[in-house]
A.B. asks: 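Here it is: the structure, laid out below.
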2 protein chains.
Amino acid sequence: MEKISDNLAFGGRQQQWRHQSAALGCAMRFGVYLPPAAAQHKLPWLLWLSGLTCSDENFSHKAGAQRVAAELGIALVMPDTSPRGEEAADDPAYDLGQGAGFYLNATQAPWSRHYRMYDYVTQELPALLRGQFPLNGRVAVAGHSMGGHGALVCALKRPQDYVSVSAFSPICHPVKAPWGRKAFAAYLGDDETRWREWDASLLLAERGSPLPIRVDIGLADPFLAEQLQPDALQKAARESDSRLELHRHAGYDHSYYFVASFIEAQLRFHARHLLA
Amino acid sequence: MEKISDNLAFGGRQQQWRHQSAALGCAMRFGVYLPPAAAQHKLPWLLWLSGLTCSDENFSHKAGAQRVAAELGIALVMPDTSPRGEEAADDPAYDLGQGAGFYLNATQAPWSRHYRMYDYVTQELPALLRGQFPLNGRVAVAGHSMGGHGALVCALKRPQDYVSVSAFSPICHPVKAPWGRKAFAAYLGDDETRWREWDASLLLAERGSPLPIRVDIGLADPFLAEQLQPDALQKAARESDSRLELHRHAGYDHSYYFVASFIEAQLRFHARHLLA
């Protein structure tokens, strides 16, 4: 592992690392924020999954999360959004290929060789982090847009690994949304029954969630009705008697200005579970 | 004037505008943040001047200032760092030409035609803003690096226009610093006596400052000794009996992580004067 950068921020360390990922078969970058308390003891941490076109940097630059993480004593881990480099397949569209990994394990060529972001963020990266940073076993997962979909799917498929899950503007029901249908057809193939295990609303309706879920969504989000479909997630939560706090915010859109405005509320939600 | 974007952030509006600048002879973009209180009455405001390579967007994306501005009821105005476009001269180096206007009025060809950032940020832009936004006459000025130099110079040359001034990691003594010497030679010519009126340390020593000044500087800033030279500013403040709070922060560098870590402190410093 190679450290790329290291900046003091709110008394803690904001670092960027590069490593060779076995799951993805390429070099990957990730960010980590270690609050001041990391100098004293192992900390609970939040895995943040970013959205389409993002890298490991958007959240660390734009969300303002370090301030609250420093206060609460929660570390932040920020992986990239797909495999990278010439060896990994790509597509010129912003919503497929590099920058658009969708946090799943692809089964179709040419994607199946490198696009295993689910294995990467749920297994390889946490194991790597445990050996390298002062992190304990209490983990929350959150994300934005495509990363909100990823956070919900990770938490619903592996509830034993997390204490809580949240999302900003998540793609709640990708099997019915254009972004999801395009990506799932490419990564998983035409048999739509294979898509079900990567759809948060279908997973929640089927399995329920033992974890508390918080979702923040902006009512001026241009993607709300067609791509995000929070009503489907809410319906699934009701049907499965799961704990979903769905906060609808008048006037807010899909941007990081929305994330920045409510990241403190999401981090305090996770802190109740991470620090319990 | 054309509105480019408008995002709700912390209950206020983060907007990006484009207009034709008479002072600069080109189209310019700027950002403005209007806190929730702007719906009720005219607000005091902070003029933020960004550093080398920056645009009107760096501060609005990365500093996290909107949260504090919303709470305090202070508007933020974020101009670009130079004239732009094909009509304005440029240079391939990052520290000259577009993105590197140094907030002065150039006297040398080819720069003198468009590079009048001092007139733009002290006169044209404020006049434009007063007609367009709910801003009152109480103004503070702040900036980062080259923009810290700009903020100090604007406040020292036009103290009647501002109530307070602050800077992160400013170029304090550009006539003795490589960035400053290169830019001043190009924009102002070889006669170094013409440079003196654009050097914060020389201006402060000569004129003193009726305004309170706050400077935050990181002791791990790689540019500290050669480019920034805060000791020169401190010496000038002592000699002129001016009010300079110089905060030196162990471990912090030149990045926006440093700005984000202490922007709340700078905004609260300005609030004591803006809201008095």
Side-chain angles (χ1 to χ4, degrees), chain A residues 4-16 31-36 38-39 54-55 57-71 76 78 168-169 216-222 224 247-265 267, chain B residues 4-16 31-36 38-39 54-55 57-71 76 78 168-169 216-222 224 247-265 267:
Chain A
I4 302 169
S5 66
D6 189 343
N7 302 91
L8 195 58
F10 296 95
R13 312 280 350 162
Q14 174 67 48
Q15 300 176 340
Q16 197 173 34
V32 62
Y33 177 69
L34 300 169
C54 288
S55 73
E57 293 188 322
N58 300 66
F59 185 74
S60 74
H61 287 167
K62 295 184 174 181
Q66 293 92 346
R67 179 183 62 86
V68 189
E71 181 205 319
L76 307 172
M78 296 151 276
F168 286 93
S169 326
D216 290 88
I217 204 143
L219 296 179
D221 189 322
L224 182 61
H247 298 267
R248 297 172 196 260
H249 302 277
Y252 284 90
D253 59 30
H254 201 71
S255 71
Y256 259 85
Y257 291 118
F258 173 47
V259 175
S261 298
F262 295 98
I263 191 65
E264 178 164 359
L267 287 172
Chain B
I4 301 169
S5 66
D6 190 342
N7 302 91
L8 194 59
F10 296 95
R13 312 279 351 161
Q14 174 68 47
Q15 300 176 340
Q16 197 175 34
V32 61
Y33 177 69
L34 300 169
C54 287
S55 73
E57 292 188 322
N58 300 65
F59 185 73
S60 75
H61 286 167
K62 294 185 175 180
Q66 293 93 346
R67 178 183 62 87
V68 189
E71 180 205 318
L76 307 172
M78 296 151 276
F168 285 93
S169 326
D216 290 86
I217 204 140
L219 295 181
D221 189 321
L224 182 60
H247 298 267
R248 297 172 196 261
H249 302 277
Y252 284 91
D253 59 30
H254 201 71
S255 71
Y256 260 84
Y257 291 118
F258 174 46
V259 175
S261 297
F262 295 98
I263 192 64
E264 178 163 358
L267 287 171

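Letters A, B, ... mirror the listed sequences (proteins, then strands); counts begin at 1.
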A.B. asks: Given 3.5 Å as the limit, does a donor-acceptor pair link the side chain of Y252(A) with the main chain of G11(B), or not?
C.D. replies: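 Yes; at least one donor-acceptor contact below 3.5 Å.
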A.B. asks: Is it the backbone or the side chain of N7(B) that comes under 4.5 Å from a heavy atom of chain A, or both, or neither?
C.D. replies: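 Contact with chain A is through both the backbone and side chain of N7(B).
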A.B. asks: Is it the side chain or the backbone of N58(B) that comes within 4.5 Å of chain A heavy atoms, both, or neither?
C.D. replies: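 No part of it gets close to chain A.
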A.B. asks: Top residue by heavy-atom pair count (under 4.5 Å) with chain B, among A260(A), A70(A), G64(A), S255(A)?
C.D. replies: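 The candidate making the most pairs under 4.5 Å is A260(A).
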A.B. asks: With a 4.5 Å cut-off on heavy-atom pairs, point out which of R67(B), Q14(B), H249(B) contacts chain A the most.
C.D. replies: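 If we count pairs closer than 4.5 Å to chain A, R67(B) comes out on top.
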A.B. asks: Using non-hydrogen atoms and a 4.5 Å limit, figure out which bit of A250(B) sits close to chain A: side chain, backbone, both or neither.
C.D. replies: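 Backbone of A250(B) only, per the 4.5 Å heavy-atom cut-off to chain A.
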A.B. asks: Under a 4.5 Å cut-off applied to non-hydrogen side-chain atoms, are Y256(A) and H61(B) in contact?
C.D. replies: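 Sidechains of H61(B) and Y256(A): no contact.
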A.B. asks: Mind checking the CZ-OH spacing from R13(B) to Y257(A)? Nearest 0.5 Å is all I need.
C.D. replies: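 If I round to the nearest 0.5 Å, the distance is 12.0 Å.
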